Undergrad: 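Let me give you the structure first, and then I'll get to my questions.
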Amino acid sequence: MEQKDKINGYDLLAAGYNAGEILGLALSVLEEHFNTLSKEVALVLMKKVLTRPEDFLDDEVLEKLATKIIEAANRPADDTIALLNNVSDYTMYGAGHIEEGAKQQMSVAMKLPVAVAGALMPDAHQGYGLPIGGVLAVKNAVIPYGVGVDIGCRMALSVFDISEVHFFENQDMYKRELIAHTKFGAGHGFHGRYKADHAVLDNPAFNMTPFVKQLQDKAASQLGSSGGGNHFVEWGIIEFETSNEELNIASGKYLALLTHSGSRGFGATVAGHYTRLAKQLCKLPKEAVNLAYLDMDTAAGQEYWLAMNLAGEYASACHEIIHQKLTKAIGAQVLARVENHHNFAWKEFWNGEEVIVHRKGATPAGKGVMGIIPGSMTAPGFLVSGKGATSAINSASHGAGRQMSRTKAIQQISKAEMQAVLKEHQVTLIGAGLDEAPMAYKDINIVMDSQKELVDIIAKFTPKMVRMADDGSRED
DNA sequence: ATGTCC
């Protein structure tokens, strides 16, 4: 028999039920057991169950519904942001030499609801969140792990008015000064009269939050230091086959200084802090948790942006100090200087709209933009000029990339093998473990071949005297 | 990458 004034789903929604399983259960209970009640009375009852479900736990008929309502109330709200199902394409360079894990990570990144475009550079390998060698453009958001732990990590090159011959004839002096003016090792910095100074320490951005402010002293102490891992300071010979107008350099060979390091403990602490914050504010499915992003229109997003830029300036200051000290120590004139960072996010334009481009271990390679792509401690590195390839989001690789993990390299490469390679290439090495051995890296020539569409080579840099952090030990 | 879990 048709009841004219029967309660329906809309009535329950109006009464405060949320669409879903509970509403469905409520409707079926009503149909089965309260069919004879007037709509008014039924609604009062259902409201009571919803507001005081604990009162119905002994009710034979309503117990199940009451339990569901209590369970739902106790369950944390599911505020997980869903990933997109349809994966947009991204471009890969040198795909044959890129490990599967890096490709998978890039695919996940492309599923972010904020993702606009992506690309994978030929030195790509797996990292946290975005792979190293990954480029990701997103809409109005910034991903702390899309930038990486070592915010603003960069290469800096100084070309000197000094001949190859002078270097080879005075290697003891170059070695002495290299050791005297550089500082390696985790946690290490300069103390007392050896502390460096730079305007970056007075940057008002240090005052933006108590969190950033508390890092200022450590930043002051570590200013001009290099850290560990794959960071280095090295003397080498740069060769320009033709003269370069932009740098005002005549063709020929010159002594050059190449440095690779980042924002030290300061940047690492900033990265850790905002990654944690992003993970709290932006819940993503398990496979994407490390891609948590901060909305650029939020205080957290703006704070990270300012702190990231400060870390970038700090990293640049570190290189500037190293180059200044060593230039003075050897009594040289700098003929040209090139610098570029590869762990950072930039505001750029993509298809006419402003996007945030993350380059995690990728070199900016906009048209005519210069950069340095190092090989290994024995393989050449290259001074390059970007070609502005759109499908690469104006990027290139930031090095050769590893072909062996650190642990694998330590297990498989012997000290004798490493020394033989160094001798063969006439490279003096100070510090470094087997995990940084040349054999642990991909062939830079293959990597350069894979990115011919992305950069033009301007000059070749050959390392001759390399300093890196000691093998897992402390150092002063 | 970083004194490698605030």
Side-chain angles (χ1 to χ4, degrees), chain A residues 102 105 123-134 143-156 182-191 209-215 217-233 259-281 289-290 292 300 303-304 307-308 310-312 314-316 318-319 341-345 358-363 374 398-402 405-407 409-410 431-433 435-436 440-441 467-476:
Chain A
Q105 286 186 318
D123 61 338
H125 51 106
Q126 212 172 322
Y128 282 105
L130 198 65
I132 321 296
I143 307 167
Y145 260 150
V147 167
V149 177
D150 193 5
I151 300 172
C153 186
R154 64 193 60 215
M155 309 297 311
T182 59
K183 178 77 76 180
F184 282 82
H188 289 248
F190 294 94
H191 303 282
T209 62
F211 162 73
V212 172
K213 184 70 184 171
Q214 77 184 3
L215 301 172
D217 287 345
K218 188 193 215 173
S221 165
Q222 295 187 328
L223 190 63
S225 65
S226 298
N230 57 1
H231 290 173
F232 58 77
V233 177
T259 49
H260 175 214
S261 55
S263 49
R264 307 290 288 102
F266 174 60
T269 312
V270 167
H273 178 83
Y274 287 97
T275 292
R276 273 192 299 278
L277 188 58
K279 283 179 175 178
Q280 283 166 17
L281 297 173
V289 283
N290 286 328
E303 262 181 40
Y304 176 76
M308 177 194 78
L310 180 58
Y314 175 75
S316 181
C318 287
H319 285 261
H341 40 322
H342 49 234
N343 281 8
F344 213 66
H358 302 76
R359 292 189 182 86
K360 186 182 193 180
T363 301
H398 80 313
R402 288 193 160 273
S405 69
R406 290 187 181 278
T407 32
I410 290 164
D435 48 345
E436 286 300 329
Y441 285 88
R467 188 179 186 194
M468 299 186 86
D470 269 354
D471 191 7
S473 63
R474 21 184 90 243
E475 151 165 26
D476 291 298

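Since we're looking at a predicted model, the values are computed, not measured. No hydrogens, no waters, no symmetry mates; every other heavy atom, side chains included, goes into these values. Quick note on labels: first sequence line is chain A, next is B, and so on, each numbered from 1.
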Undergrad: Look at the side-chain N and O atoms of A/K218 and state whether any lies under 4.0 Å from the OP1 or OP2 oxygen of B/dG3.
TA: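 True: A/K218 side-chain N/O within range (under 4.0 Å) of B/dG3 OP1/OP2.
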Undergrad: Please report, rounded to the nearest Å, how far the C1' atom of B/dT4 is from the OH atom of A/Y145.
TA: 10 Å
Undergrad: Suppose we call two aromatic rings close when their centres sit under 6.0 Å apart. Are A/H260 and A/H342 close by that rule?
TA: yes
Undergrad: For the CZ atom of A/F184 and the CG atom of A/D470, what is their distance to the nearest 0.5 Å?
TA: 10.0 Å
Undergrad: What's A/G262 touching, base or sugar-phosphate or nothing? Going by heavy atoms closer than 4.0 Å.
TA: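 The residue A/G262 makes no contact with any strand.
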Undergrad: Taking CD1 from A/I151 and P from B/dT2, how many angstroms apart are they, rounded to a whole number?
TA: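 After rounding, the gap between these two atoms is 12 Å.
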Undergrad: Identify whether any heavy atom of A/G272 sits under 4.0 Å from a base atom; if not, whether one sits that close to sugar-phosphate; answer base, sugar-phosphate or nothing.
TA: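 If one applies the 4.0 Å heavy-atom cut-off, A/G272 turns out to touch nothing in the nucleic acid.
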Undergrad: From the set B/dT2, B/dC6, B/dG3, return the single nucleotide nearest to any side-chain atom of A/T269.
TA: B/dC6
Undergrad: Quickly work out the A/K183 NZ to B/dT2 C1' distance and round it to whole Å.
TA: 18 Å
Undergrad: Describe the nucleic acid contact of A/H273 in one word from base, sugar-phosphate, nothing, applying a heavy-atom distance below 4.0 Å.
TA: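 No contact.
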Undergrad: Could you say whether A/Y128 or A/Q214 is positioned toward the 5' end of DNA chain B, judged by the nucleotide with the nearest heavy atom to each?
TA: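 It is A/Y128, whose closest nucleotide lies nearer the 5' terminus.
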Undergrad: Is there side-chain contact between A/R402 and A/Q126, with heavy atoms separated by less than 4.5 Å?
TA: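 A/R402 does not reach A/Q126 side chain to side chain.
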Undergrad: Describe the nucleic acid contact of A/G227 in one word from base, sugar-phosphate, nothing, applying a heavy-atom distance below 4.0 Å.
TA: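 Sugar-phosphate: the residue A/G227, judged by heavy atoms under 4.0 Å, touches backbone atoms but no base.
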Undergrad: How many Å lie between CD on A/Q222 and P on B/dT2, as a whole number?
TA: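 In whole Å, B/dT2 P and A/Q222 CD are 8 Å from each other.
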Undergrad: In whole angstrom, what separates A/R406's CZ from B/dT4's P?
TA: 17 Å
Undergrad: Specify the separation, in whole Å, of atom NE2 of A/H188 and atom P of B/dT4.
TA: 13 Å
Undergrad: Roughly, in whole Å, what's the span from CG in A/D150 to P in B/dT4?
TA: 16 Å
Undergrad: Atom CD1 of A/I132 to atom P of B/dT2: distance rounded to whole Å?
TA: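 It works out to 13 Å between those atoms.
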Undergrad: Could you go through residues 149-156 of chain A and list every donor-acceptor pair under 3.5 Å that involves a side-chain atom there, pairing it with any protein atom two or more places apart or in another chain?
TA:
| from | atom 1 | to | atom 2 | distance (Å) |
| --- | --- | --- | --- | --- |
| A/D150 | OD1 | A/S263 | N | 2.9 |
| A/D150 | OD2 | A/H231 | NE2 | 3.1 |
| A/R154 | NE | A/G152 | O | 2.8 |
| A/R154 | NH1 | A/E339 | OE2 | 2.8 |
| A/R154 | NH2 | A/G152 | O | 3.3 |
| A/R154 | NH2 | A/G312 | O | 2.9 |

Undergrad: Just by distance, no angles: are the side chains of A/Q105 and A/Y128 close enough, under 3.5 Å, to form a donor-acceptor pair?
TA: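 A/Y128 and A/Q105 do not have a side-chain donor-acceptor pair below 3.5 Å.
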Undergrad: On DNA chain B, does the nearest nucleotide to A/F211 precede the nearest nucleotide to A/G228 from the 5' side, or the other way round? Give the residue.
TA: A/G228
